[in-house]
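So the structure is just underneath, and the comments pick up after that.
All heavy atoms count here, side chains included; hydrogens, waters and symmetry mates do not. Note that ligands are numbered from 1 as they come in the structure, with each ligand's atoms numbered from 1 the same way.
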Amino acid sequence: MQDRPETPLLDRVRFPADMRNLSSDQLKQLADEVRAETISAVSVTGGHLGASLGVVELTVAVHAVFDTPNDRLIWDVGHQAYPHKILTGRRDRIRTLRQPEGLSGFTKRSESEYDPFGAAHSSTSISAGLGMAVASQLQGNDRHVIAVIGDGSMSAGMAYEAMNNAGASKANLIVILNDNDMSIAPPVGAMSAYLSRTISSRPFLSVREFMAKMAKNFPGPLERAAKRADEYARGLLTGGTLFEEMGFYYVGPVDGHNLDHLLPVLRNLRDSGQQGPFLLHAVTQKGKGYAPAEASADKYHGVVKFNVVTGEQQKPPPGPPSYTKVFAQSLIAEAEADERIVAVNAAMPSGTGLDLFAKRFPRRCFDVGIAEQHAVTFAAGMATEGMKPFCAIYSTFLQRGYDQVVHDVALQHLPVRFGMDRAGLVGADGATHAGSFDIAYLGCLPGFTLMAAADEIELAHMVATMAAIDDGPSGVRYPRGEGLGVEALPARGTVLPIGKGRILREGTKVAILSYGARLQECLKAADELATFGLSTTVADARFAKPLDTKLIEQLARHHEVLITIEEGSVNGFGGLVMHHLATHGLLDHGLKLRPMTLPDIWIDHEAPRKQYDLARLNAPQIVETALAALGKSALAVPASA
Ligand SMILES: Cc1ncc(C[n+]2csc(CCOP(=O)(O)OP(=O)(O)O)c2C)c(N)n1
Ligand SMILES: CC(=O)[C@@H](O)[C@H](O)COP(=O)(O)O
Ligand SMILES: [Mg+2]
């Protein structure tokens, strides 16, 4: 690194406008300072470090060349936007990243005018960018729109839908393909192989070559000549890449860390006067500039707090096995006994635990890239041939494949199994990743068997149960993080009686019917209610579909208060219970029914702590709900006092 002047430039750059008169050398210094600031900040907050380090120079170059925020800059997924936030007026808050009341870990419209589009679920940037470009054209604005999308995110169908539309649109859209040859795991699929070939088959486009090819001295504006020039330009610029075939001017590959290349190329794309859309292929390195990240297999994709000097992460001491691990181990145990069991994930092998399954059964595990829609219907296809496919897809990401679940799986009664990890609130990733809706969006589908695990032993039994369900789709939801640390897990789960819940404690006044992992809080609440002289039944529903109607009717008939509880949105399990009771006249005789769900709001990571606690559906809230239903105050003196 050249010797740098002492005064940190970053102290003088609050917004992109402050950097637009800097020289190339100063911009290089600024990039070094932004990289150091990013490492320092994430070392205290944790977060998505690797992706952010891979786009430091890209971020500096785009903001230096384009007139953001008037020119729109969209970050796909948005997990790599920490340098962008540092340079767009949020440096003073960057150490609140992903903390309650702090900055979002992704781009967010409400957070800054420099974030024209929220993100976190991948592969949306080209669609949104095209929308903005077309709107600008209709409004007579000549702004530029830049969408930065990673190679991993380029494996999702939505990106092709957008390119297909953009390629025929001649929109003023610049797509920057941030190709670091990584997803969360190494990338998979033909597109990844294609990109590698494209890079290896041609050296970095030199600036001289690029300038020559984009030279303004194409024949004059005569229609035919311009058309010929246009074809010439496309032919020269592209050499027949897939992107050119889809109507983009392909430019690249360029070194995504070399400002001497990036700045003139971006200036030319800005000033070319050519109609778009353009695709600039930038080759970058995930984790760039931080040795521990560069050396790590996952390039420090997602880290907890760490020591900047050593890179050592401050991971908490190992606790009970995570639900993820229990799911994977249970599935492996079932797969040992049944060779028809196969597993599918969408670019989340480690997150879903299927990396463990793949080690044991490499031929029976499929990572299809960031392609949840395809994952679901791919599994459906396997099910038609008698295989037993398990789709392990986070609750929130399964939303991306919803019509495939409805139309390709449920409607055809195909026995696809869904392991929905991260069901419920997920903490620092916030509202975009909360698994709030799977009960609601699957509970309305006829013929679906739906379960929620109260603890890790229950999860093992539910995996075994799904393995045995061959007459239709089934799913189990379980939360992010560690289990309860119950005693030894079974070698293999046992098949549960379908549609049957279980009573853990008998009472007469209040009944609490839990669906999923709030059960322990219900037992605590029952103990607390006993101090008010209120005897409480606690039951675990286990199934949302088919409902245990016998149990529900029994609880409704023999208690004054019936509370249902789930870590899910309104219209989930509680809705299904209410629907059954109402349609069977069991609400006609004064039952005090109280469904407890997540509040009907978007619960961001930075939600005030109280909102988040409320959303956690803990014992105090359950006690409060029961007492209120009985017209008592939680402040009343307990009977035993
Ligand atoms: C629809 C969806 N599925 C899965 C994810 C989880 N996810 C977050 S980042 C990522 C990998 C993105 O790879 P790439 O686009 O290459 O970005 P990089 O991290 O390499 O910068 C994945 C799979 C997601 N955000 N959205
Ligand atoms: C950015 C992204 O979508 C993933 O990295 C996600 O943050 C992973 O979530 P978990 O940390 O719960 O696996
Ligand atoms: Mg990548």
Side-chain angles (χ1 to χ4, degrees), residues 46-56 58-59 75-83 98 104-107 118-126 147-159 176-189 191-192 195-196 256 281-288 293 298-304 322-324 345-355 367-376 392-402 420-435 478-481 605:
H48 294 101
L49 180 64
S52 287
L53 294 178
V55 296
V56 167
L58 260 181
T59 307
W75 292 97
D76 204 286
V77 182
H79 65 316
Q80 76 291 67
Y82 303 172
R98 297 163 55 90
S104 165
F106 307 100
T107 50
H121 285 202
S122 80
S123 319
T124 60
S125 60
I126 303 174
V148 182
I149 183 168
D151 57 302
S153 300
M154 199 55 107
S155 62
M158 187 172 174
I176 299 179
L177 171 54
N178 170 35
D179 186 358
N180 56 20
D181 195 25
M182 275 294 283
S183 183
I184 293 182
V188 297
M191 172 49 87
S192 170
L195 291 175
S196 302
H281 186 178
V283 179
T284 63
Q285 187 186 351
K286 196 165 185 174
K288 174 78 175 177
D298 72 353
K299 308 302 174 195
Y300 275 26
H301 170 82
V303 293
V304 295
S322 64
Y323 281 98
T324 304
N345 76 91
M348 304 290 284
S350 57
T352 58
L354 288 194
D355 53 346
D367 174 355
V368 298
I370 310 180
E372 288 82 3
Q373 295 167 321
H374 165 64
V376 172
I393 300 178
Y394 291 9
S395 163
T396 189
F397 295 140
L398 187 59
Q399 292 162 191
R400 183 62 68 85
Y402 185 55
M420 295 172 282
D421 200 337
R422 278 54 170 192
L425 296 177
V426 295
D429 274 343
T432 53
H433 283 60
Y478 44 99
R480 182 176 197 273
H605 75 285

> Looking at ligand 1, does S183 have a heavy atom less than 4.0 Å from it?
Replying inline: yes
> Under 6.0 Å between ring centres, would you say that holds for F397 and H121?
Replying inline: yes
> Can you find an N or O of H79 that's nearer than 3.5 Å to an N or O of ligand 2?
Replying inline: no
> When you measure from atom 1 (C) of ligand 2 to every protein heavy atom, which one gives the shortest distance, and what is it?
Replying inline: H48 NE2, 3.3 Å
> Of all the non-hydrogen atoms in the protein, which one sits nearest to atom 11 (O) of ligand 2, and at what distance?
Replying inline: R480 NH2, 2.9 Å
> Which of the numbered atoms in ligand 2 are below 4.0 angstrom from a heavy atom of F106?
Replying inline: 1 (C)
>> As a test of reading the structure, name the N/O/S atom of D151 that is nearest the Mg ion (ligand 3).
In response: OD1
>> Less than 4.0 Å is my threshold; does some heavy atom of V426 fall inside it relative to ligand 2?
In response: no
> Under 4.0 Å from any heavy atom of R422, which atoms of ligand 2 are there?
Replying inline: 10 (P), 12 (O), 13 (O)
>> Which option wins on minimum heavy-atom distance to atom 9 (S) of ligand 1: H301, Q399, M348?
In response: H301
>> Would H433 count as being in polar contact with ligand 1, using the rule that some N or O on each side must be under 3.5 angstrom apart?
In response: no
> Would you call D429 and R422 a salt bridge, taking side-chain N to carboxylate O under 4.0 Å as the test?
Replying inline: no
>> Quick check on H301 - does any of its heavy atoms sit under 4.0 Å from an atom of ligand 2?
In response: yes
> For V77 and ligand 1, does the shortest N/O to N/O distance drop below 3.5 Å?
Replying inline: no
> Looking at atom 8 (C) of ligand 2, what's its closest protein heavy atom, distance included?
Replying inline: D429 OD2, 4.0 Å
> If you measure from each heavy atom of K286 to ligand 1, is any distance below 4.0 Å?
Replying inline: yes
>> I want to know whether F106 and H433 have ring centres closer than 6.0 Å.
In response: yes
> Any heavy atom of A346 sitting closer than 4.0 Å to ligand 1?
Replying inline: no
> When you measure from atom 13 (O) of ligand 2 to every protein heavy atom, which one gives the shortest distance, and what is it?
Replying inline: Y394 OH, 2.6 Å
>> Under 4.0 Å, heavy-atom basis, I'd like to know which part of H121 is in contact with ligand 2: side chain, backbone, both or neither.
In response: neither
>> Which of the numbered atoms in ligand 2 are under 4.0 angstrom from any heavy atom belonging to F397?
In response: 3 (O)
> Could an N or O of ligand 1 be found under 3.5 Å from any N or O of I184, whether backbone or side chain?
Replying inline: no
